[in-house]
> 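What follows is a single structure, and I will ask about it in a moment.
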Protein chains: 2
Amino acid sequence: MDKSDQLDVAFAALANPTRRAILAHLAQGEATVNALAEPFDMSLPAISKHIRVLENAGLITRGRDAQFRPCTLNARPLKVVADWTDQYRHIWVTRFDVMNEILLTMKETSDE
Amino acid sequence: MDKSDQLDVAFAALANPTRRAILAHLAQGEATVNALAEPFDMSLPAISKHIRVLENAGLITRGRDAQFRPCTLNARPLKVVADWTDQYRHIWVTRFDVMNEILLTMKETSDE
DNA sequence: TGATTAATTAACCATGTGGTATATTAAATG
DNA sequence: CATTTAATATACCACATGGTTAATTAATCA
């Protein structure tokens, strides 16, 4: 899988709030599928599918512990995403609209 | 649109190599739809659709100049993406696999 | 062995995505 | 006014996505 394909699957995996919430959960440490499913009003197979998508993107790895399939976060694809995004950093730090936002914030702050 | 929805549409928009290439093109400056379409072996309506997706994600804005619809890059959603990704930075900079990669690179460099 | 628990698989459904070809709108120009 | 150019709209297609329920696998435990 080349870099572009990696970005395809990583971005696609991240384009869903349930999957981002699962990653946030795993940032706290390893968790089972049931533990990951608990906060959601959604069937277990649905969560299982989301986990599969994250796994295919390389964002998590699944272990084996008796009947449990503990999931762990693998942040490497996030670094790939961050590196890609960084290409554009110079743009958003120099654009007028962003500058304007900063000036407005300064104004609001001084008004308090 | 709340922050999560913004991330949904931004990540979804970025999950496609054609659309990322269009953004790369626009990083060089404003361009028309035809100019953006030129590098691709794809119909104009297809490109038009991609542009619509980018526009809906707030990543570009379309102006009007006679028959032309010049597109300009709007990097703000990329900042939202970068900020989200940054939450996880501490993870990928501390993981063993990444450390190992760095050590290997150091070794290779010292071998040259 | 039988029952329970954890998780995945299979089959299905509605909707979205990425592409096509053709038709249409809108503005500029001969 | 007719033609050309730029771009979008429409209608269609194959396939992916996000969800469901029901069935199945795999391991533990009584």
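Lettering follows sequence order; numbering is per chain, from 1.
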> Could you list the residues that satisfy side chain to side chain donor-acceptor pair (under 3.5 Å) with A:N56, not counting sequence neighbours?
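Residues passing side chain to side chain donor-acceptor pair (under 3.5 Å) with A:N56: none at all.
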
> Not counting sequence neighbours, which residues clear salt bridge (Lys or Arg N to Asp or Glu O under 4.0 Å) with B:R20? List them please.
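Here the qualifying residues are A:D8.
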
> Hey, does the side chain of B:R69 reach the backbone of B:R64 with a donor-acceptor pair shorter than 3.5 angstrom?
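Answer holds: no.
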
> For A:A15, enumerate each residue passing the side-chain contact (heavy atoms from CB on, under 4.5 Å) test, keeping only those at least two apart in sequence or located in another chain.
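So A:A15 forms a side-chain contact (heavy atoms from CB on, under 4.5 Å) with B:F11, B:A12.
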
> Going by the rule ring pair (Phe, Tyr, Trp, His ring centres under 6.0 Å), which residues pair with A:F68 if we only count those two or more places apart in sequence or in a different chain?
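Ring pair (Phe, Tyr, Trp, His ring centres under 6.0 Å) check on A:F68 returns nothing, list empty.
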
> For A:E55, what residues pass the side chain to side chain donor-acceptor pair (under 3.5 Å) criterion, not counting sequence neighbours?
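Residues passing side chain to side chain donor-acceptor pair (under 3.5 Å) with A:E55: A:R62.
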
> Begin from the C-alpha positions of B:C71 and B:L36 and carry the test side chain to side chain contact (heavy atoms under 4.5 Å, CB included) through to its verdict.
CA-CA 9 Å; B:C71 299; B:L36 291 171; 4.0 Å; yes

> Give the first and the last nucleotide of DNA chain D, reading 5' to 3', that has any atom under 4.0 Å from a heavy atom of chain A.
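Answer, 5' to 3': D:dG18 to D:dT28.
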
> Checking side chain to side chain contact (heavy atoms under 4.5 Å, CB included) for the pair A:L14/B:T85: CA distance, chi angles, key distance, verdict?
CA-CA 10 Å; A:L14 297 175; B:T85 311; 5.9 Å; no

> If you group Ile, Leu, Val, Met, Phe, Trp and Tyr by side-chain heavy-atom gaps below 4.5 Å, do A:L23 and A:V53 land in one group?
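Hydrophobic grouping puts A:L23 apart from A:V53.
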
> Please determine whether side chain to side chain contact (heavy atoms under 4.5 Å, CB included) holds for the pair B:V80 and B:L7, giving the CA-CA distance in whole Å, both sets of side-chain angles, and the decisive distance to 0.1 Å.
CA-CA 7 Å; B:V80 177; B:L7 284 169; 3.8 Å; yes

> Could you go through nucleotides 25-30 of chain C and list every protein N or O atom that sits under 3.5 Å from one of its N or O atoms, giving the distance for each pair?
residue: C:dA28; atom: O4'; partner: B:Q67; partner atom: NE2; Å: 3.4

> Walk me through whether A:H50 and A:M42 qualify under side chain to side chain contact (heavy atoms under 4.5 Å, CB included).
CA-CA 11 Å; A:H50 282 305; A:M42 202 182 292; 4.1 Å; yes

> Could you work out, with side-chain contact (heavy atoms from CB on, under 4.5 Å) as the rule, every residue matching B:Q87, not counting sequence neighbours?
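By the side-chain contact (heavy atoms from CB on, under 4.5 Å) rule, B:Q87 matches B:W84.
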
> Indicate yes or no for a side-chain donor-acceptor contact from B:Y88 to the backbone of A:A24 under 3.5 Å, with no hydrogens or angles considered.
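Yes, because the side chain of B:Y88 sits within donor-acceptor range (under 3.5 Å) of the backbone of A:A24.
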
> Which helical stems does DNA chain C take part in, if a stem means at least 3 consecutive Watson-Crick or G-U pairs with both distances below 3.5 Å?
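Result, WC/G-U stems under 3.5 Å: C:1-30 with D:1-30.
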
> Can you pull every protein N or O that's under 3.5 Å from an N or O on nucleotides 19-23 of chain C?
residue: C:dG19; atom: OP2; partner: B:H50; partner atom: NE2; Å: 2.3
residue: C:dG19; atom: N7; partner: B:K49; partner atom: NZ; Å: 3.1
residue: C:dG19; atom: O6; partner: B:K49; partner atom: NZ; Å: 2.3
residue: C:dT20; atom: OP2; partner: B:S43; partner atom: N; Å: 3.0
residue: C:dT20; atom: OP2; partner: B:S43; partner atom: OG; Å: 2.7

> Which residue pairs pass the side-chain hydrogen bond (donor to acceptor under 3.5 Å, both in side chains) test when at least one of the two sits in residues 32-49 of chain A, sequence neighbours left out?
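For residues 32-49 of chain A, and leaving out neighbouring residues, there are no side-chain hydrogen bond (donor to acceptor under 3.5 Å, both in side chains) pairs at all.
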
> I'd like to know if the side chain of B:N74 and the backbone of B:L59 have a donor-acceptor N/O pair within less than 3.5 Å.
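No, B:N74 side chain to B:L59 backbone: no donor-acceptor pair under 3.5 Å.
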
> Using heavy atoms and a sub-4.0 Å distance, could you list which residues of residues 52-63 of chain A are near DNA chain D? By number, please.
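Heavy-atom cutoff 4.0 Å gives no residues at all.
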
